[in-house]
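Take a look at the structure below.
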Amino acid sequence: MEYTKKIDQKWQEFWQANNTFKVCVKNIKKPKYYCLVMFPYPSSELHVGHGRNYIIGDAVARYKRMRGYYVLNPMGWDAFGLPAENQAIKHNIHPRAWTLKNIKRITQQLKSWGISYDWEKEIATCFPQYYRWTQWLFLELYKKGLAYKKEAPVNWCESCKTVLANEQVIEGKCERCSNQVSQRNLKQWFFKITDYAQRLLDDLDKLKEWPQRVKLMQKNWIGKSVGVTIKFSVKNLDKPLNCFTTRVDTIFGATFLALNYQHPAVIKLIDDSDNKQEILKFISQTKKEEASLLRSQDFEKKGMFTGEFAINPMTGAKIPIWIANYILSGYGTGAIMSVPAHDKRDFEFAKKYQLPITEVIKEPKAKDQKIKANKEEAYEGEGNLVNSGDFNGLASNEAKEKIADFMEQENIGARETNFRLKDWLVSRQRYWGAPIPILYCKECGEVPVEDKDLPVLLPEVDRFLPTGKSPLAEDKDFIQTKCPRCNRPAERETDTMDTFVDSSWYYLRYISPGQASAPFVKEDVDNWLPVDQYIGGVEHAILHLMYSRFITKFLADQKKISFDEPFVKLFTQGMIIKDGAKMSKSKGNVVAPDYIIEKYGADTMRLYILFMGPPQKEAIWQDEALQGSRRFLQRALRLVDKLKNFKEDKNQGDKAGQKELLLRKIHSTISEVTGDLEGDFQFNTAISRIMELVNQIYKSIQQGVEKEIFAQAVDTVFLLLSPFTPHISEEVNSLLGHKGTVFNRSWPKVDPKMLKKDEGEIAILINGKVKDKMVIDFSLSKEEVKTKALAQIKVKKIIADKSPKKIIYVKGKIINIVI
RNA sequence: GCCGCGGUGGCGGAAUUGGCAGACGCGCUGGACUUAGAAUCCAGUCUUGAGAAAGGUGGGAGUUCGACUCUCCCCCGCGGCACCA
């Protein structure tokens with residue numbers, strides 16, 4: 001039997017005609033399994049580098065189905081957003097036309113790969129029937145005070161005349177044109193994800209089946225810090241200066257304060273300063289430097305003394321207040337206490353400006369010469385307190401608590417928790433997104449669009465090129481409307497929403513994609529979610545996966561759904577590398593899947609992609625290695641022909657126990673392949689074990705074996721292969737006389753009797769080195785095995801007159817003789 | 001700088017409650033079949049060595065009867081964050 005494109009087509013048509021993968025959400029007859037692959041941006045056609053994602057997902061979905069689950073495997077399009085828009089601009093067509101063209105093309109590609117989607121569940125975020133509910137979500141958040149507008153600095157690319165999402169700023173430069181990105185203050189919409197910071201952090205522990213590194217990345221991104229905010233009183237200020245620290249144990253070493261130039265107290269502090277003009281000059285210079293965002297590498301710490309002093313509340317010392325360019329405005333209070341002896345940044349600054357350095361922590365086990373008498377570097381570790389009044393001698397940990405207690409008692413400080421996580425900026429001054437459903441009325445101010453007036457349709461505009469203002473702002477018909485409260489003229493918000501808002505809830509929509517009266521049906525969503533297996537690239541570890549968790553928690557709080565984590569199990573696949581780089585169009589190293597499918601068939605490509613290496617690690621594409629998969633499939637298919645023409649030689653008998661050998665191999669293969677798939681989707685080893693089984697079948701038929709067992713072996717091979725090579729497996733399944741689709745058959749079962757071994761080969765080690773091997777009965781005792789081993793000729797020769805000191809026997813594996 | 005992941009033949013990669021390193025595949029070498037090629041089949045393929053044998057999982061130490069696997073130190077590569085007080 002020859003594997004041709006016709007087989008692919010035949011079975012793809014069969015699946016479509018028979019609705020093989022259609023799921024009726026209301027009718028769950030078996031345990032459900034929601035398998036979800038992150039939906040793509042349809043901004044270009046797919047290459048094999050993209051393919052890995054969908055092929056892994058498909059293998060999982062097909063396998064789970066054969067394991068008896070009712071599997072939902074949907075697909076849709078993250079169709080709004082900058083990537084699609086940028087491509088459309090580049091090709092000078094409307095983003096909608098470009099997007100729809102790509103959707104059509106990618107759909108055809110996915111179908112040609114034999115991906116088993118239930119296409120009736122298809123969604124696209126750019127259609128009004130979808131984004132109507134994205135707008136609904138915005139309004140739900142708005143009603144709860146979790147969507148709000150404020151002025152904030154955003155990333156701005158002057159060449160593209162647009163704001164950029166954080167993820168589009170790569171090393172301070174615009175992803176598209178490599179221009180340096182600057183910061184601008186604009187009035188923007190935010191979602192208050194910070195309200196959920198603690199829960200997003202705590203619930204990471206619930207996600208037992210997420211990769212550790214993704215959880216760590218989220219943890220670092222949330223960046224929780226526990227510490228104390230200390231009040232430093234200043235003579236000329238009516239309010240004290242608050243400084244947050246995680247190292248309150250070092251307070252006695254705080255020898256100056258440092259403020260960001262934007263700190264509200266700065267104006268007052270420098271008001272009477274002799275060199276006010278100089279300070280103002282310094283501030284404007286700092287501002288300029290900060291806007292460049294390119295300050296990471298050769299950033300030089302600079303600062304100026306304000307002329308004012310604060311009082312260290314513990315020592316009572318007068319300490320100078322500085323403005324410094326290394327203090328962040330957006331974190332803590334924008335002011336810090338500087339402890340140069342125990343913070344390397346403060347140390348560097350103090351050295352430069354000759355500020356006092358007071359050591360207050362002694363490194364516990366440090367040798368005397370290592371103690372920073374020479375003050376060449378800051379000691380940032382913990383230790384015991386010195387020069388710290390009543391707290392001398394305490395260990396850092398204990399001191400932190402005691403000093404915090406003391407400060408709270410004396411009202412000079414209070415315990416506080418800070419997060420690095422910032423609120424989520426969701427507005428974009430771009431065309432291709434869901435309009436933000438807000439209007440502005442002269443009388444009533446900011447007014448949400450009424451639910452009955454949704455969707456706020458994205459208008460057709462002629463010019464959607466970015467200018468810095470939303471293209472919607474040029475459409476008078478769009479802007480002008482009436483206030484639903486007072487019926488007076490009002491204007492619409494012209495910004496659109498970040499595409500990550502669209503994708504923060506799409507997994508809920510698949511359950512009832514056509515639902516017109518609600519975003520989803522609670523009962524159905526509760527039945528089908530959370531997603532059992534989510535599959536996608538690690539590049540979404542923080543953004544999309546954090547936003548989705550946030551939105552799910554919010555909807556759970558509103559009792560719209562009954563679960564508060566969207567994805568039970570997460571799998572992040574590695575990229576495909578070719579010629580030393582990630583496969584991408586811009587690098588010119590893409591491999592077109594269409595060509596491979598045309599030449600070798602979809603299953604060859606699928607098998608190769610799964611066989612390349614562990615799916616969670618990056619894999620290197622080698623054109624020649626593809627031949628191996630092809631060769632293997634042909635070799636396996638030749639068995640089907642051999643089986644058809646097989647004449648069992650009854651006279652030959654069971655040479656060398658082939659019957660038992662092959663039966664054992666069948667069952668051990670089933671067991672191992674199943675183990676590989678139940679584990680962390682080790683497709684590569686699963687496939688290699690099936691290859692071994694095929695090799696064994698060839699050996700066995702050469703030796704002579706019963707036809708029945710030969711047939712069973714062939715059937716097993718193609719059953720085990722079916723999640724990977726569905727077209728070929730369907731074809732063989734029907735050739736072997738089974739009716740209908742192979743995916744209605746169940747996964748082969750292991751006979752545990754076939755795994756047990758009564759005898760086998762073990763290695764004989766002498767002093768830990770393998771010297772010989774022997775076949776033994778596993779029921780033999782240690783003594784019997786020892787006697788047998790010592791009787792081996794080779795062993796005798798090596799041991800000679802020496803006597804064994806110790807013998808270790810590991811049943812079924814090794815015997816080690818120590819001499 | 002901090003955090004995380006990784007380092008095994010010519011190549012992709014197997015093997016970890018410590019127990020025969022290199023499964024499976026690619027490539028390569030030799031042979032069979034063939035007018036010839038393709039395809040297929042057989043044998044070989046970690047290194048040194050004719051062989052016996054010895055060495056070998058980034059480097060160095062350690063624990064152990066036994067270490068790719070565990071501990072400590074170091075080197076290299078990749079990814080994330082990057083002045084978060």
Side-chain angles (χ1 to χ4, degrees), chain A residues 171 211-221 223-225 227-229 243-248 250 254 258 295-297 299-301 324-339 342-346 348-349 380 418-422 538-539 541-542 574-575 577 607-608 611-614 616-632 634-635 638 672 682 684-695 698 702 761-773 804-819:
Chain A
E171 287 172 349
Q212 203 57 40
R213 81 179 155 141
V214 172
K215 289 196 275 185
L216 263 164
M217 281 164 84
Q218 291 211 356
K219 191 183 164 193
N220 293 338
W221 189 267
K224 181 182 177 178
S225 291
V228 175
T229 296
C243 299
F244 175 74
T245 180
T246 54
R247 289 298 302 272
V248 73
T250 64
R295 27 182 276 171
S296 31
Q297 275 92 26
F299 177 67
E300 194 198 340
K301 289 184 177 52
N325 66 348
Y326 71 99
I327 308 304
L328 299 172
S329 66
Y331 184 79
T333 61
I336 64 151
M337 67 170 202
S338 292
V339 185
H342 303 293
D343 181 289
K344 60 175 186 277
R345 296 157 301 181
D346 297 342
E348 192 187 325
F349 194 80
E380 295 193 307
N418 263 302
F419 293 94
R420 300 171 77 153
L421 182 69
K422 303 260 168 62
V538 74
E539 66 272 19
I542 294 166
M575 292 180 308
I577 306 288
L607 190 76
Y608 174 56
F611 183 60
M612 287 173 94
Q616 53 279 88
K617 272 176 58 179
E618 62 182 37
I620 295 161
W621 182 276
Q622 301 177 111
D623 284 321
E624 322 81 62
L626 184 66
Q627 295 296 336
S629 296
R630 180 164 154 272
R631 214 171 284 159
F632 164 71
Q634 302 272 337
R635 187 166 141 85
R638 241 176 286 124
E672 286 166 341
Q682 300 304 316
N684 55 330
T685 49
I687 292 165
S688 72
R689 296 182 207 280
I690 302 172
M691 287 172 167
E692 282 184 68
L693 174 56
V694 167
N695 291 343
Y698 270 99
Q702 213 172 26
E761 194 183 62
I762 66 162
I764 304 170
L765 285 66
I766 293 173
N767 288 342
K769 301 264 179 206
V770 182
K771 294 293 174 188
D772 202 1
K773 288 172 186 187
K805 264 194 269 181
K806 196 173 173 186
I807 307 236
I808 293 109
Y809 172 52
V810 182
K811 200 178 165 185
K813 292 204 165 145
I814 54 107
I815 178 161
N816 189 12
I817 302 163
V818 185
I819 53 170

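Letters A, B, ... mirror the listed sequences (proteins, then strands); counts begin at 1.
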Residues forming a side-chain hydrogen bond (donor to acceptor under 3.5 Å, both in side chains) with A:Gln218, sequence neighbours excluded:
A:Arg549
Test salt bridge (Lys or Arg N to Asp or Glu O under 4.0 Å) applied to A:Asp343 - qualifying residues, sequence neighbours left out
A:Arg345
Secondary-structure string, 5' to 3', Watson-Crick or G-U under 3.5 Å, | for another-strand partners, for RNA chain B
(((((((..(((......[....)))((((((.......))))))(((....)))..(((((..]....))))))))))))....
Taken in chain and number order and not counting sequence neighbours, the residues that satisfy side chain to side chain contact (heavy atoms under 4.5 Å, CB included) with A:Lys224 are A:Gln198, A:Leu201, A:Val226, A:Thr417, A:Phe419
Interatomic distance, A:Met217 CE vs B:C2 P [rounded to whole Å]:
19 Å
Separation of atom CG in A:Asn816 from atom P in B:C65, rounded to whole Å
10 Å
What is the distance, rounded to the nearest whole Å, between atom CD1 of A:Ile542 and atom C1' of B:A82?
12 Å
By side-chain hydrogen bond (donor to acceptor under 3.5 Å, both in side chains), which residues pair with A:Arg635, not counting sequence neighbours?
A:Asn695
Given RNA chain B, 5'-ward residue of the pair A:Ile620 and A:Asn418, judged by closest heavy atom:
A:Ile620
Rounded off to whole Å, could you give me the CD1-to-C1' distance for the A:Ile808 and B:A67 pair?
14 Å
For B:G77 and B:G58, measure between their P atoms and round to the nearest Å.
16 Å
Of all the nucleotides listed (B:A14, B:C41, B:G19), which has the minimum atom distance to the side chain of A:Arg638?
B:C41
Check every strand shown and say whether A:Lys805 touches a base, only sugar-phosphate, or nothing at a heavy-atom separation below 4.0 Å.
nothing
What nucleotide among B:G19, B:G1, B:C20 has an atom nearest to a side-chain atom of A:Lys344?
B:G1
From CA spacing to verdict: side chain to side chain donor-acceptor pair (under 3.5 Å), A:Asp623, A:Tyr608:
CA-CA 10 Å; A:Asp623 284 321; A:Tyr608 174 56; over 6 Å; no
Quantified in whole Å, what is the P atom distance between nucleotide B:G7 and nucleotide B:U16?
14 Å
CG of A:Leu421 versus P of B:A82: gap in Å, rounded?
13 Å
Students often mix this up, so state it plainly: with edges at 30° and 60°, are the rings of A:Tyr326 and A:Phe349 parallel, tilted or perpendicular?
tilted
C1' spacing across the pair B:A39 / B:C75, given as an integer number of angstrom
48 Å
Please name all residues satisfying salt bridge (Lys or Arg N to Asp or Glu O under 4.0 Å) with A:Glu348, sequence neighbours left out, ordered by chain then number.
A:Lys301
Whether each nucleotide of nucleotides 43-48 of chain B has a protein heavy atom under 4.0 Å at its base (B), only at its sugar-phosphate (S) or at neither (-) is summarised, 5' to 3', as ------
For A:Gln627 and A:Arg630, run side chain to side chain donor-acceptor pair (under 3.5 Å): C-alpha distance rounded to whole Å, both residues' side-chain angles, the deciding distance at 0.1 Å, then the answer.
CA-CA 5 Å; A:Gln627 295 296 336; A:Arg630 180 164 154 272; 2.8 Å; yes
Starting at the 5' end of RNA chain B, which residue's closest nucleotide do you reach first, A:Met337 or A:Asn220?
A:Asn220
When we call it a touch if two heavy atoms are under 4.0 Å apart, what does A:Glu618 touch: a base, just sugar-phosphate, or nothing?
sugar-phosphate
Does any donor-acceptor pair link the side chain of A:Lys773 with the base of B:C20 at a separation under 3.5 Å?
yes
So, is B:G9 syn or anti if syn means the angle is within 90° of 0?
syn
Can you name the residues that form a side-chain hydrogen bond (donor to acceptor under 3.5 Å, both in side chains) with A:Gln616, not counting sequence neighbours?
A:Asp680
Each nucleotide N or O in nucleotides 4-7 of chain B that has a protein N or O under 3.5 Å away: list the pair and distance.
none

Roughly how many Å apart are B:A61 and B:A53, using the C1' atom of each and rounding to a whole number?
28 Å
Mind checking A:Asp343 for me? I need base, sugar-phosphate or nothing, with any heavy atom below 4.0 Å counting as a touch.
nothing
How far, in whole Å, is B:G10 from B:G59 if one measures between their P atoms?
14 Å
Can you check each nucleotide of nucleotides 22-28 of chain B against protein heavy atoms at under 4.0 Å and return B for base, S for sugar-phosphate only, - for none, in 5' to 3' order?
-BBSSS-
How far does the C1' atom of B:G18 sit from the matching atom of B:G9, given to the nearest Å?
24 Å
Between C1' on B:G19 and CG on A:Asn767, what's the gap in Å once rounded to a whole number?
15 Å
How long is the straight-line distance from CD1 of A:Ile762 back to NZ of A:Lys813, given to the nearest 0.5 Å?
12.0 Å
Who are the side-chain hydrogen bond (donor to acceptor under 3.5 Å, both in side chains) partners of A:Thr685, not counting sequence neighbours?
A:Asp676
Calculate the interatomic distance between A:Lys219 atom NZ and B:C2 atom C1'; express it in whole Å.
13 Å
Just jot down the salt bridge (Lys or Arg N to Asp or Glu O under 4.0 Å) partners of A:Lys344, sequence neighbours excluded, or say none.
A:Glu380
B:C20 versus B:C68 - spacing of their C1' atoms, nearest Å
14 Å
Nearest-0.5 Å distance that lies between atom CD in A:Glu672 and atom CD1 in A:Ile690:
11.0 Å
Taking all atoms of both residues into account, what is the closest heavy-atom pair of A:Ala763 and A:Val770, and its distance?
CB-CG1, 4.3 Å
If I pick the P atom on B:U69 and the same atom on B:U17, what distance separates them, to the nearest angstrom?
13 Å
